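To start, the structure itself, in structure tokens.
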Amino acid sequence: MYLSDMHTHSIASGHGTQCTISGMARTASQRGLRLLGITDHGPATPAAGTPSYFRSLICAPRKRFGLELLYGIELNILDTEGHIDLEPELLDRLDYAIASMHAQNYKNDTRDRNTRAYINAMKHPRVKILGHCDNPQFPVDYELLARAAALEGVIFEINEASLAPYGYRGDTRDNNLEILRCCRKYSIPVVLSSDSHGAEHIGDFTCAETFVHEAMFPESLILNNQIPKLKTFLTS
């Protein structure tokens, strides 16, 4: 069992998600998690969190239902220069950020330019995780991405919603194998993420856990159960 889930979305992300942060925390606590990350979509996502919402998170409770919470954001990468959709003054005050590509905000480009977009985005010090960069819609050079991630202190996620039967990104297995190969090569940790929109999938890593174990990825490089190390990494 894994004890943390650092990529989840509340009602503030839109998408028809109806669960509040309090409801997310209650479910996570009931499922035995010790640490929950709320990472609602950035303002460029239609109907998602506004700057004022992310400003309010600064004062949000850090413990609910016996569970510890971190407050972050899933940023939208907007272009190949790595521009993102929250101003630095607010981003710097959140605990951490995931940087991701979404079709609504980023026009698919060449493999080299997509790679450059990720590399430029991860230069912001609050960006700590690359979000679902297994997506075949946005091909990247994982070797270059991993080298840059190692230099910038950024990690990869293995996204349950990419590997689960209900996922919509297509077949991501080969890309995830390449991510794990590069992470093993450069000793880059990963986190397993539910990417749960609402409470339904919080803490559910069924497919992601099976995948990393079948790939014989070292447990020492999976941070979900290394809570003090994970918190220090995300918030430093």
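Not measured: the values here are computed from a predicted model.
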> Are F233 and I155 close enough, and set up right, to give a side chain to side chain contact (heavy atoms under 4.5 Å, CB included), and what steps lead you there?
Replying inline: CA-CA 10 Å; F233 168 75; I155 65 175; 3.5 Å; yes
> Can you pull the side chain to side chain donor-acceptor pair (under 3.5 Å) pairs that have at least one residue in residues 225-235, sequence neighbours excluded?
Replying inline: E68-K231
Test item: [X] and [Y] side chains (from C-beta on) under 4.5 Å apart, heavy atoms:
X	Y	result
C133	Y142	yes
R62	L69	no
F54	R93	no
H124	D92	yes
I158	F217	no
F156	L145	yes
I179	L130	no
M24	R64	no

So, does [X] use its side chain to make a donor-acceptor pair with the main chain of [Y] at under 3.5 Å?
X	Y	result
T17	G14	yes
S4	L36	no
T8	S196	no
S187	C183	no
D171	D174	no
S29	A25	no
S193	D195	no

Answer yes or no: are there more than 12 heavy-atom neighbours, outside [X] itself, under 6.0 Å from its atom [atom1]?
X	atom1	value
M216	CE	no
R55	CZ	yes
E200	CD	no

> S52 and T50: side-chain donor and acceptor closer than 3.5 Å?
Replying inline: yes
Minimum heavy-atom separation for [X] to [Y], with atom names?
X	Y	result
L67	L35	CD1-N, 3.6 Å
I222	L192	CG2-CG, 4.2 Å
P136	R169	CD-O, 3.3 Å
C207	A164	SG-CA, 3.7 Å
S10	Y53	OG-OH, 3.8 Å
S194	D204	CB-O, 4.0 Å

> Can you list the steps and then say if N114 with N108 is a side-chain hydrogen bond (donor to acceptor under 3.5 Å, both in side chains)?
Replying inline: CA-CA 7 Å; N114 293 340; N108 183 24; 3.1 Å; yes
Is it possible for you to say whether [X] and [Y] belong to one hydrophobic cluster, with membership spreading through side-chain heavy-atom contacts below 4.5 Å?
X	Y	value
I202	Y166	no
L144	I188	no
L91	L78	no
L151	V190	no
Y71	I58	no

> Is the centre of the H9 ring less than 6.0 Å from the centre of the H15 ring?
Replying inline: no
>> Aromatic contact between H7 and H201, with the criterion being ring centroids under 6.0 Å apart: yes or no?
In response: no
Atom [atom1] of [X] and atom [atom2] of [Y]: how far apart are they, to the nearest 0.5 Å?
X	Y	atom1	atom2	answer
L57	L70	CG	CG	11.5 Å
D134	N175	CG	CG	6.5 Å
I73	D95	CD1	CG	12.5 Å
D40	E74	CG	CD	9.5 Å
T80	R116	OG1	CZ	4.5 Å
M101	Y106	CE	OH	4.0 Å

>> Between R181 and E143, does the salt bridge (Lys or Arg N to Asp or Glu O under 4.0 Å) criterion hold? Intermediate values first, please.
In response: CA-CA 9 Å; R181 182 193 70 79; E143 185 78 21; 2.9 Å; yes
>> Applying side chain to side chain contact (heavy atoms under 4.5 Å, CB included) to M6 and E157, what does each step give before you reach the verdict?
In response: CA-CA 9 Å; M6 307 315 300; E157 70 170 5; over 6 Å; no
>> K128 and side chain to side chain contact (heavy atoms under 4.5 Å, CB included): which single residue from L230, L234, I98 fits?
In response: L234
> What's the verdict on side-chain hydrogen bond (donor to acceptor under 3.5 Å, both in side chains) for R147 and Y186, showing C-alpha distance, side-chain angles and the deciding distance?
Replying inline: CA-CA 7 Å; R147 286 184 206 163; Y186 294 103; 3.1 Å; yes
> What's the verdict on side-chain hydrogen bond (donor to acceptor under 3.5 Å, both in side chains) for E160 and H132, showing C-alpha distance, side-chain angles and the deciding distance?
Replying inline: CA-CA 9 Å; E160 176 72 14; H132 48 72; over 6 Å; no
> Where do N135 and T172 land on the side-chain hydrogen bond (donor to acceptor under 3.5 Å, both in side chains) test, with the steps shown first?
Replying inline: CA-CA 6 Å; N135 193 339; T172 66; over 6 Å; no
> Should the pair E81-R113 be classified as a salt bridge under the 4.0 Å nitrogen-to-oxygen rule?
Replying inline: no
> Between L180 and V212, does a side chain to side chain contact (heavy atoms under 4.5 Å, CB included) hold up when you go through it step by step?
Replying inline: CA-CA 8 Å; L180 293 179; V212 295; 4.1 Å; yes
